[in-house]
Amino acid sequence: MIPEACQKPRDLLRFLTAGSVDDGKSTLIGRLLHDSGGIYEDELAALSRKSSAHGRSFDPSLLTDGLKAEREQGITIDVAYRYFSTARREFIIADSPGHDQYTRNMVTGASTAQAAVLLIDVRHGILPQTRRHAYIASLLGIQVVIVAVNKMDLVGFDADIFHRLRKDYLEFSASLRVRELHFIPVCALEGDNVTAKSPRIPWYEGMPLLQVLEMVEVADDRISKHFRLPVQTVIRGESGFRGYAGQVASGRIGTGDEVVVLPSRLPARISQITNYRLQMEEAHAPMSVAITLREQMDIGRGDMLCDPEHSPVSTRQFRAKLIWMSELPMRSNQPYLIRHTTQTACMSILKVLHKVDIHTFAEVEAGSLVLNEIGEVEIQTHKPIFCDSYSSNRTTGSFIVVDPIHNTTLAAGIIMEPSVEDPNSDPSSLALPNRGPEDRGLTVWITGLSGAGKTTICEAVHTELLARGHRVEMLDGDVIRKHLSRELGFSKVERDENIRRIGFVANLLTRNGVVALVSAISPYRAVRDEIRQEISGFLEVFVNAPLNVCERRDPKGLYKRARSGEFRGFTGIDDPYEPPLSPDVECKTDSETVKESVDKVVAAILKVLS
Amino acid sequence: MMSPRHFSELDELESESIYILREVAAQFSRPALLYSIGKDSSVLLRLAQKAFYPAKIPFRLLHIDTTYKFREMIEFRDRVCRELGLDLIVHTNREALAEGANPFRLGTTKCCALLKTKALLDALREHEIDAAIGGARRDEEKSRAKERVFSFRDGFGQWDPKNQRPELWNLYNGRIDKGESVRVFPLSNWTELDVWEYIRREEIPVVPLYFAAERRVLVSGEKLIIPEHESPIQKDDVPALMKIRMRSLGCTYCSGAIRSAADSISGIIEELKVARRSERENRLIDHDEDGSMELKKREGYF
């Protein structure tokens, strides 16, 4: 067995092939795989059988066009991923479609690529799709572009034609940002300048394609950027272990280091960094780890641990470039969902600033975007997202737009310049049109022990309802106690008074067509029932988790303090919780996933509102 | 504390897979891990342990048992689940078996459709599974090379390869309606060699059939079949003793062995580095007709 240390670490390059339909992308990849020994004998035998069925002696494109429809129509519909290696490097190729109808699939391939091989049919020169792909590659931050001028055999390997094309390309792409640009004359079908220098093109002095792919530098610069870790999930273990699990998006972090937690902005110190049984002193991008903090904090999915000196912008409004990918046209002021790092929020597009004319790259006025169009827009979200510009950080600068009704991915988004933070971030307002007086209101009363999961469910339900176009307001027990009920304590009388105040506000909202989501422990049955009688349109949600589970979770550290006698009258410890007798919805958060609970509550609400 | 070692290509693949598994746990209600007992499933299982350690794997395991699997596979499965305390569902299409479904009578295409695809779809429905995690890799077969990491399935479990959701960066969209589901492939970017190098590095146990040994086989044309279940070809043939191993595990009749001297993980890795033939060459089901894997996948096969 070879010891780990003796093995030379392999270097991985993810690249994409792009270009217009029929420029020969799949053929080039087939040739690259074939000539570098990346195809097995039995695959080759099957290939020559099929090639002759297509009337050719050897058709390398049949290697990557994996779908029947693709082979029948002779085009590539979706990205195919192929894997091969040479002595120098491992490669993941994303062979992407050239047809403009399938541009979204090309974007899929480009989003994870470090380099792009852009093919041009020498006879046709630069086509609209060549420009579009060059633009998208640059927009997505692909640093290395290799322009392969293909089918040179069909112009008699003419150097002048090649150089003219090279000049054309440089002219049209002058405004695109690329670090490295190469031009190679090739014939993919016959293999000229693919893996070896072609004797038929003696005037070309550069390297063949494979050698360029082996040589280009694609240093991973994520590690040198500021630390960011978006929390994916919280892992709980024995003896109070609480690991914030996620993939380091950028930078590095060591045990004992200080971080800032967003959105709370509270400082914390790293206690442990683990991957399975491995305890590490340090983690860096792109490691998947679990991190524990010295401080007890309430952190969940969508929160972010960051470098305290250089934290990302926390904002509800920003400018972004969108690549629209749906047959449904973009609409301003319509609720959509945004997925950014591990967060999901409701968003709307305030306005389209301009769209990009793909022929000239000029910015032209537009009111909307349709399939495959690219434009710059102003976006607002219902809660803050923690972002950087895409050019400074790919992970925190990218997002997708999701259709809340059809569930499809509508657009890829690239954050240009996040606006300066909005200090007055009111989490529930969003510039959506009022739907009018026919809106029905409802009070959704979410009750349960501290730590049962009320807030988590409430926030997710809030996002879902906003995305469906409802007017929603959240009344959180903790927030109310900081404002409306600031002077109240925790005696029975004062607690009842607090609940009555919340009920009063919820009633006003409900009467005005708003869905009021109340999240409060509200331990006493009598006062809950009293509120229920007063409001027409009331749904009681019992978030039910056993006391020992809540106490183990203890997200705010309150149980520990109550047990130590630091304060008295804590629900579940020395004050009773009276569970609802017949709640409309019951969420057993110790055995259900968050999604299961949220789905149940949303379904119940929609049933009442419909 | 371990000193930091070089972050290798294998570490990068591991990290990506763990990220994907954690996304599944966060985005779905009732995920399940399709456990097929092979090397890829074994790697997947280890990655799932890592993703949620020290907590338990938050998914159930599902094995679609055609009853034509190797005895050693079933023993291995039961041992692993016992040792790791995993929650395993075994599902078999009993009706089809009662009606005599087997590859000799029905042909492999139909047999697979009943004992694997239908059994799988029934099990997913019965257990209301909204995300099924599989160990398939894009380098295995060319229609798999086209598949997304989060691959959407409609209410009938069908795949529409011409109309897949765009998948940008690592922002996986798992949003679905009731009755729909997603197949998730955390090993999408792994190659066969990566899998074995990871098994070696992590010391992951695998079914002994992967290692070369003297075994009794039936020679049927170019195929080497280990005779475990009654089959028509057995009647005339006399099993020969040969040093062989399995490169890919499936049902006994439909998975051919290869001649090999590789009796250790390192031996297998060395063998793969010079291999000139593909991993699934000996899987009959892939070669029934052009595009047969795509057809099966569209219908709901993994």
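Numbered from 1 within each chain, the chains take letters A, B, ... in sequence-line order.
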Flag yes if more than 12 heavy atoms outside A:R236 fall under 6.0 Å of its CZ atom; otherwise flag no.
-> yes
Using a heavy-atom distance cut-off of less than 4.5 Å, which residues of residues 43-50 of chain B contact chain A?
-> B:R46, B:Q49, B:K50
Just by modelled atom types, is the A:R252 backbone N or O under 3.5 Å from a matching donor or acceptor in the A:E282 side chain?
-> no
Heavy-atom pairs under 4.5 Å with chain A, option from B:I265, B:I176, B:T191, B:N170 with the top count = B:I176
Most chain A-contacting option - heavy-atom pairs closer than 4.5 Å, from B:Q27, B:K56, B:R138 = B:R138
Audit row: A:K600, A:E592, salt bridge (Lys or Arg N to Asp or Glu O under 4.0 Å) steps and yes/no | CA-CA 11 Å; A:K600 269 201 290 201; A:E592 292 172 5; 2.4 Å; yes
How far does CD of B:E192 sit from NZ of B:K39, to the nearest 0.5 angstrom?
-> 5.0 Å
Which region of B:E12, side chain (C-beta onward) or backbone (N, CA, C, O), has a non-hydrogen atom less than 4.5 Å from a non-hydrogen atom of chain A, or is it both or neither?
-> side chain
Test A:K595 against A:E464 for salt bridge (Lys or Arg N to Asp or Glu O under 4.0 Å), laying out the working first.
-> CA-CA 11 Å; A:K595 183 161 185 302; A:E464 282 296 324; over 6 Å; no
Step-by-step salt bridge (Lys or Arg N to Asp or Glu O under 4.0 Å) determination, A:D78 to B:R148 = CA-CA 10 Å; A:D78 211 329; B:R148 300 279 189 261; 3.1 Å; yes
Per-residue contact mode, A:L410 against chain B (heavy atom under 4.5 angstrom) = neither
Side chain, backbone, both or neither of A:Y81 within contact of chain B (heavy atoms, under 4.5 Å) = both
Which atoms of A:V107 approach chain B - backbone, side chain, both or neither, heavy atom under 4.5 Å | both
Among the listed options A:L140, A:T274, A:V289, the residue most often paired with chain B at heavy-atom distances under 4.5 Å = A:V289
For chain B, which of A:R14, A:R394, A:H406, A:H340 has the most heavy-atom pairs under 4.5 Å?
-> A:R14
Would you say A:E596's side chain and A:T593's backbone share a donor-acceptor pair under 3.5 angstrom?
-> yes
What residue among A:I400, A:T108, A:I323 forms side chain to side chain contact (heavy atoms under 4.5 Å, CB included) with B:P166?
-> A:T108
Choice from B:I18, B:D177, B:N189 maximising heavy atom contacts with chain A below 4.5 Å = B:N189
For B:E147, the option from B:R183, B:R153, B:R165 that meets salt bridge (charged side-chain N to carboxylate O under 4.0 Å, His left out) = B:R153
Structural part of A:T342 lying under 4.5 Å from a heavy atom of chain B | side chain
Check: B:V149 main-chain N/O paired with B:Y172 side-chain donor or acceptor under 3.5 Å = no
Heavy-atom distances under 4.5 Å only: say whether A:T112 touches chain B with side chain, backbone, both or neither.
-> side chain
Most heavy-atom pairs under 4.5 Å with chain B, out of A:A94, A:G237, A:A110, A:A412, belong to A:A412
So, does B:D130 use its side chain to make a donor-acceptor pair with the main chain of B:F28 at under 3.5 Å?
-> no
A:R82 and A:D95, any side-chain heavy atoms less than 4.5 Å apart | no
With distance as the sole criterion, is a donor-acceptor pair present between the side chains of B:Y19 and A:Q232 under 3.5 Å?
-> no
Return the option, out of A:E238, A:R301, A:R104, with the maximum number of heavy-atom pairs under 4.5 Å with chain B.
-> A:R301
Relative to chain A, which segment of B:S17 carries a heavy atom at a distance below 4.5 Å: side chain, backbone, both, or neither?
-> neither
Side chain, backbone, both or neither: which part of A:T233 has a heavy atom under 4.5 Å from chain B?
-> side chain
Under a 4.5 Å heavy-atom cut-off, does chain B meet the side chain of A:D403, its backbone, both or neither?
-> backbone
Just how far is it from atom CG of B:D11 to atom CD of B:E16, taken to the nearest 0.5 Å?
-> 13.0 Å
Which bit of B:A25 is near chain A, if near means a heavy-atom gap under 4.5 Å: side chain, backbone, both or neither?
-> neither
dist B:F156:CZ -> B:E180:CD (nearest 0.5 Å) comes out at 10.5 Å
Which answer fits A:R277, side chain, backbone, both or neither, if we ask what part of it has an atom under 4.5 Å from a heavy atom of chain B?
-> both
